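The model shown is predicted, which means the values in this text are computed figures rather than measured ones. The figures here come from the full heavy-atom set of this structure, side chains too, leaving out hydrogens, waters and symmetry mates.
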Amino acid sequence: IESLEQLDQVVELGTKFLLCGTIKAHLPYEKVYRVREKNRRLGLGLMGVHEWLIKRGYRYEVVPELHRCLEHYRTVSDITAALFAYELGVSTPVAKRAIAPTGTIGILAGTTTGIEPLFAVAYKRRYLKGQRWHYQYVVDSVAAELIERYGVDPDEIESALDLAADYERRIRFQAEGQQYVDQGIRFSAVSPPR
């Protein structure tokens, strides 16, 4: 996404897609249908936020430009959900946005997950083969792609490992991001490689 106009279009389309999904989804029993009609939730998420920051040479923090993008994300999804629900004759969603870790989807898309930073640019993986421990060095595939695509110096990419020493900044990023979602930001529950 290269512009606010493009972001608005993607958010509008994504919101409509998810709202339609709440209509077409088959649910296990009648009570769930009633709860859905009363408390319709969409969960329009984000991914690639850390890549977006890296591409623009920013550190892992919510900079004014990102605040503007997140404000569009919030406003367009709110307006679209209300208008499209009215047009379809269904209840207006009580919640529209949530940011999950999106690990597998981020890997498939070749970008960073949710609003999380990369875990590590590279790491040493340990695994047991028979009775012996073996080791291999792994460069994170998303990090490799960002380095190649944007010419980023690998030493300049902040990772979750780097931010462990600056946990207040990482928590502040999550807290600032939370003001733009009406459900929650879920943290990645991935165990670090050994």
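- Of the possible polar contacts, one joining the Q178 side chain to the Q183 backbone as a donor-acceptor pair under 3.5 Å is found.
- Taking NE2 from H50 and OH from Y58, the interatomic distance works out to 13.5 Å, rounded to the nearest 0.5 Å.
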* To do: Quick one: do R170 and E116 satisfy salt bridge (Lys or Arg N to Asp or Glu O under 4.0 Å)? Show the steps, please.
  => CA-CA 9 Å; R170 178 143 185 221; E116 290 287 307; 2.3 Å; yes

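- Proximity of P64 to R68: side-chain heavy atoms (C-beta onward) are separated by under 4.5 Å at one or more points.
- Considering every non-hydrogen atom in both L42 and A81, the closest pair reads CD1-CB, 4.3 Å.
- Remark: side-chain polar atoms of Q174 are not paired, donor with acceptor, to backbone N or O of I171 under 3.5 angstrom.
- There is a path of hydrophobic side-chain contacts, each under 4.5 Å, that joins V10 to L18.
- Checking side-chain atoms of R56 against main-chain N and O of W52 turns up a donor-acceptor pair under 3.5 Å.
- No donor-acceptor pair under 3.5 Å is formed between the side chain of R40 and the backbone N or O of L19.
- Within a 6.0 Å radius of OH in Y86, other residues, nucleotides and ligands contribute 12 heavy atoms or fewer.
- Surrounding OH of Y150 are more than 12 heavy atoms belonging to other residues, nucleotides or ligands, all under 6.0 Å away.
- Side-chain contact between T22 and R36: present, with at least one pair of heavy atoms (C-beta onward) separated by less than 4.5 Å.
- Taking all atoms of both residues into account, the shortest heavy-atom contact from R132 to L128 is O-CD1, 3.5 Å.
- D78 and T75 share no donor-acceptor pair across their side chains, judged by distance under 3.5 Å alone.
- In the hydrophobic clustering of ILVMFWY residues, with side-chain heavy atoms under 4.5 Å counting as a link, I1 and L4 come out together.
- Taken from CD in Q136 to OH in Y123, the straight-line distance is 8.5 Å, to the nearest 0.5 Å.
- When all heavy atoms of Y73 and L7 are compared, the closest pair comes out as N-CD2, 4.5 Å.
- Note: the hydrophobic cluster containing V152 does not contain L161 (ILVMFWY, side chain heavy atoms under 4.5 Å, direct or indirect links).
- Interatomic distance, NZ of K96 versus CZ of R41, reported as 10.0 Å (0.5 Å rounding).
- Going from atom CD of E51 over to atom OG1 of T112 covers 6.0 Å, rounded to the nearest 0.5 Å.
- Here the side chain of Y137 pairs no donor or acceptor atom with the backbone of A122 at under 3.5 angstrom.
- Side-chain contact check for L66 versus V49: some heavy-atom pair is nearer than 4.5 Å.
- Although no hydrogens or angles enter the test, the distance criterion places no donor-acceptor pair under 3.5 Å between the side chain of S77 and the main chain of T15.
- Under the 4.5 Å side-chain contact rule for hydrophobic residues, V90 and V35 do not share a cluster.
- Atoms CD and CG, from E61 and D166 in turn, are 9.0 Å apart once rounded to the nearest 0.5 Å.
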request  = In sequence, state the C-alpha distance, the side-chain angles, and the governing distance for L46 and L70, and then conclude on side-chain contact (heavy atoms from CB on, under 4.5 Å).
outcome  = CA-CA 10 Å; L46 296 174; L70 293 171; 3.5 Å; yes

*Hey, mind stepping through I157 and L118 against side-chain contact (heavy atoms from CB on, under 4.5 Å) and telling me if it holds?*
CA-CA 8 Å; I157 297 175; L118 288 169; 3.7 Å; yes

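- The side-chain heavy atoms of Q179 and H67, taken from C-beta on, include a pair separated by under 4.5 Å.
- Pairing each heavy atom of E12 with each of V76, the nearest pair is N-CG1, 3.9 Å.
- Atoms CE and CD1, on M47 and I99 in that order, are 12.5 Å from each other to the nearest 0.5 Å.
- Judged purely by atom type and a 3.5 angstrom limit, R74 has no side-chain atom pairing as donor or acceptor with the backbone of R97.
- When all heavy atoms of F173 and L53 are compared, the closest pair comes out as CE1-CD1, 3.7 Å.
- Summarising the geometry of E158 relative to Y60, their closest heavy-atom pair is OE1-N, 2.7 Å, with the distance given to 0.1 Å.
- Around the CD atom of E148, the shell of radius 6.0 Å holds no more than 12 heavy atoms that belong to other residues, nucleotides or ligands.
- Linking Ile, Leu, Val, Met, Phe, Trp and Tyr whenever their side-chain heavy atoms come within less than 4.5 Å leaves I54 and V62 in two separate clusters.
- No donor-acceptor pair closer than 3.5 Å links the side chain of S91 to the backbone N or O of K38.
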